[in-house]
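Letters A, B, ... mirror the listed sequences (proteins, then strands); counts begin at 1. Just so you know, these numbers use all the heavy atoms, side chains as well, and skip hydrogens, waters and symmetry mates.
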2 protein chains.
Amino acid sequence: MAVTIRDVAEASGVHVSTVSRAFSAPHLVNPETRTRVLAIAEDLGYRPNRAARALTTGRTHNIGLIVADIANPFFPPLIKAAQAQARLRDYHVFVADTDEDPQVEEDLIQTLTKQVDGVLLCSPRLTNRTIERLREEVPFVVVNRRAKGLPTVLMDVGRGARLAVEHLTALGHRRIALVTGPSGSWTSKEMQEAAATMSDVDVVFLGPNPPTELGGLAAATDVIASGATGVLAYNDLVAIGLIEGLAERGKNVPGDVSVIGVDDIVPGRLSRPKLTTIAMPTAAAGRIAVDLLLQSVDSAATAAATMLETALIVRESTGKAHR
Amino acid sequence: MAVTIRDVAEASGVHVSTVSRAFSAPHLVNPETRTRVLAIAEDLGYRPNRAARALTTGRTHNIGLIVADIANPFFPPLIKAAQAQARLRDYHVFVADTDEDPQVEEDLIQTLTKQVDGVLLCSPRLTNRTIERLREEVPFVVVNRRAKGLPTVLMDVGRGARLAVEHLTALGHRRIALVTGPSGSWTSKEMQEAAATMSDVDVVFLGPNPPTELGGLAAATDVIASGATGVLAYNDLVAIGLIEGLAERGKNVPGDVSVIGVDDIVPGRLSRPKLTTIAMPTAAAGRIAVDLLLQSVDSAATAAATMLETALIVRESTGKAHR
DNA sequence: ATGAAAGCGCTAACAT
DNA sequence: ATGTTAGCGCTTTCAT
């Protein structure tokens, strides 16, 4: 078995409680004793057992991070940042993938709850009602979805969409298609609302579509039929698929049609033409969400929504409108 | 506080140990009692505290998964698969990102070790010596790196490289450049060794290079200077960067030069031309690594190396050689 | 400043 | 088949 607090106590000739204090309440122990105990602990390679500690303190120093799909390029930067931030605060993170299944999501929360001090829900597929119920068991922070009464981290896609449409109109496009996402998506709704308020431009809504390349690919015919010369797609994957679909039908991007995506995922930077996109601050979202979570762990939860800025990144998939 | 085993015991009028048995040793308890206890537990919303259980059993039912960089597109499919497999076995997984820093990696292992039954090391940056030392503390399975004495999951890039070179020679290429990766990389070494044994073809080695787009971009001049018409790149990112670098210098892919990558990451499928590549079975690796780890948790570790097959995926970045 | 004792939630001998 | 007891590694009163 590994070295325990008792081993350290015996080796230093003090009681276990003194060793305990040497670590977690330094001011309560004689400085000399403390340094001696710490030295011996170091020597023996002692590391406190965090799980055992949690049993009495009620703090596991773990958090759960639940996402719909780890392999979706949108999430890894968020996971990475959340993990790094947690580590900074001396927290470990359980990462779990729900495979887009609400039932799995609920199960995961249930089994995780005893082992964590809080859970980060990223783009949850659960109903608000279920979340409402589960929050009794463990503190939540929700990312990328509006959940009233809960601390929330949102990214301002509404403003992003407006930026995108303005960019398009500035390039001379007068008819713009919004290729929407899944019907339940908060992001998609935000984009639609923002686009609907724009003047000086015709916006047609095409959707709902699956949030994937295939969704974009399939939307190409509708886009062409719509007569739009500028397109704002639900996300980068859809945009990339759309560009391919347009190419298959003889339409060049940005020559014939300009396309803008949302997210700024890696493949968008790497595909040709390089994708003009609305950058979502996923890393910042991960970092801030962790801080909010740890905050709401030891004080009352502030149920505020934090809105993060998005930015338009102009690359190669948008250009001047031609007559 | 949440509902504990004691609450269930009181509510069902039995002793806690009976409740415990109802869950973890069903055959030792009267079927009737068992169903009653289980019903009441369900009713109360009781979930055993796994951390507390671990204290006596020595099994945490957690594993650690340590990777160099979560955001590197190579890893997410592996993480996803590992996580899914772990869940299947009723295990939770801590995911940690070392940011390519060996020191962070060691720290992480140290602090994680008490909370997990084993650790999956993916493309570790630690020296073999350090790994050798740490294995005393916790069972390891190593992925994507040879570590003798430890259970290991490898992907057969050597064979992949041979397949790639054969594909190129079949297309008429007689002079092939191998754009290598970082000097310490096992994968890069394997590829070089495999390529060196090929006959009927000139292979020139260009490197070492950083394993990124930038690395590929920078390698373009050397590739052109080498006179090679076919290129095997260290990985897809390098291949994509290289294709861009070649384009900047007026060389078309696959018209003038054929390029093959390694990994089969998402951006490779999405970039233009679509990348011909050696597919690495990362999902399978994650799944198998988890099984090996859980296996070596409760029996003696089988220090064998498992070698997984790779496959050539021909897409658009390779074509006939021209004179 | 330190020791003694109780207890966190659970399992595992040992009794009965 | 079930209850009793001890104990996992640690923290936290309560004494001294």
Side-chain angles (χ1 to χ4, degrees), chain A residues 1-38 40-41 44-62 90 111-117 137-138 298, chain B residues 1-38 40-41 44-62 90 111-117 137-138 298:
Chain A
M1 207 56 193
V3 24
T4 79
I5 198 175
R6 187 182 265 95
D7 300 324
V8 178
E10 280 168 12
S12 9
V14 298
H15 198 265
V16 289
S17 52
T18 303
V19 178
S20 174
R21 283 187 281 251
F23 280 92
S24 27
H27 56 287
L28 292 182
V29 55
N30 185 311
E32 276 174 42
T33 323
R34 182 173 129 78
T35 42
R36 187 164 46 89
V37 167
L38 258 33
I40 292 181
L44 262 41
Y46 169 70
R47 300 261 177 169
N49 182 326
R50 302 169 139 231
R53 173 181 287 175
L55 215 46
T56 52
T57 61
R59 285 277 169 279
T60 62
H61 269 243
N62 294 147
D90 195 26
T111 59
L112 230 34
T113 176
K114 292 285 207 336
Q115 293 187 83
V116 300
D117 296 339
E137 326 230 337
V138 63
D298 36 33
Chain B
M1 208 56 193
V3 25
T4 79
I5 198 174
R6 186 181 268 97
D7 300 324
V8 179
E10 279 168 12
S12 9
V14 298
H15 198 265
V16 288
S17 54
T18 304
V19 178
S20 173
R21 282 187 282 252
F23 280 92
S24 26
H27 56 284
L28 293 182
V29 54
N30 185 312
E32 277 173 40
T33 323
R34 181 173 130 78
T35 43
R36 187 164 44 86
V37 167
L38 257 33
I40 292 181
L44 264 39
Y46 168 71
R47 300 261 178 170
N49 181 325
R50 301 168 139 231
R53 175 181 284 174
L55 216 45
T56 52
T57 61
R59 286 278 169 277
T60 61
H61 268 243
N62 294 146
D90 195 28
T111 59
L112 231 32
T113 176
K114 292 283 208 336
Q115 292 188 83
V116 301
D117 296 340
E137 327 233 335
V138 63
D298 37 35

Task: Distance in angstrom units between A/Leu28 CG and D/dA15 P, rounded - done: 17 Å
TODO: Check side chain to side chain donor-acceptor pair (under 3.5 Å) between B/Asn49 and all other residues, then give those that pass, not counting sequence neighbours.
DONE: none
Open item on the list: Can you give me the closest heavy-atom contact between B/Ala54 and B/Thr60, atom names plus distance?
Closed with: CB-CA, 3.6 Å
TODO: Starting at atom CZ of B/Arg47, determine the distance to atom C1' of C/dC10, rounded to an integer number of angstrom.
DONE: 17 Å
- [ ] Compare every heavy atom of B/Val3 with every heavy atom of B/Tyr46, then report the nearest pair and how far apart it is.
- [x] CD1-O, 3.4 Å
- [ ] Take atom CZ of B/Phe23 and atom P of C/dA12, then tell me their distance rounded to the nearest Å.
- [x] 15 Å
Open item on the list: Using the side-chain heavy atoms of B/Thr18, tell me which of these nucleotides is nearest: D/dG3, D/dA1, D/dT12.
Closed with: D/dG3
Task: A/Ser12 side-chain N/O to A/Val14 backbone N/O, donor-acceptor pair under 3.5 Å - done: no
TODO: Using only side-chain N and O atoms of A/Arg53, determine if any of them is under 4.0 Å from OP1 or OP2 of D/dG9.
DONE: no
Task: Phosphate OP1/OP2 of C/dC8 contacted by A/Thr57 side-chain N/O (<4.0 Å) - done: no
Open item on the list: Nearest heavy atom decides the nucleotide; on that basis, is A/Ala52 or A/Gly13 closer to the 5' end of DNA chain C?
Closed with: A/Gly13
Task: Candidates D/dC8, C/dC10, D/dT2 - which lies nearest the side chain of B/Val29 - done: D/dT2
Task: Any donor-acceptor pair under 3.5 Å from A/Ser24 side chain to A/Arg21 backbone - done: no
Open item on the list: Just N and O in the side chain of A/Ser17: are any of them under 4.0 Å from OP1 or OP2 of C/dT2?
Closed with: no
Task: Nearest-Å distance for atom pair CZ/P, residues B/Arg34 and D/dT2 - done: 12 Å
Task: Least distance between heavy atoms, B/Ile40 atom then B/Val8 atom - done: CG2-O, 4.4 Å
TODO: Starting from P on D/dC10, measure out to NE2 on A/His61 and report it in whole angstrom.
DONE: 15 Å
TODO: May I have the distance from B/Lys114 (atom NZ) to D/dC10 (atom P), rounded to whole angstrom?
DONE: 7 Å
- [ ] Would you name the heavy atoms of A/Val29 and A/Ala22 that are closest together and state the gap between them?
- [x] CG1-CA, 4.0 Å
Open item on the list: As a test of reading the structure: which of D/dT11, C/dC10, C/dA1 is closest to the side chain of B/Ile5, going by heavy atoms?
Closed with: C/dC10
Open item on the list: Nearest whole Å is fine: how far is C/dC8 C1' from A/Asn49 CG?
Closed with: 13 Å
Open item on the list: Quick check on the helix from C/dA1-D/dT16 to C/dT16-D/dA1: what's the angle between its two end axes, five base pairs per end, to the nearest 10°?
Closed with: 40°
Task: A/Arg21 (side chain) and C/dG3 (base): donor-acceptor pair under 3.5 Å - done: yes
TODO: Would you please confirm or rule out a distance under 4.0 Å between OP1 or OP2 of D/dT2 and any side-chain N or O of B/His15?
DONE: no
Task: Nearest heavy atoms of B/Asn62 and B/Arg50, plus distance in Å - done: ND2-NH1, 4.3 Å
Open item on the list: What contact category does A/Ser20 fall into here, base, sugar-phosphate, or nothing, at under 4.0 angstrom with non-hydrogen atoms?
Closed with: base
Open item on the list: Output the rounded distance in Å from CG (B/Leu55) to C1' (C/dT11).
Closed with: 10 Å
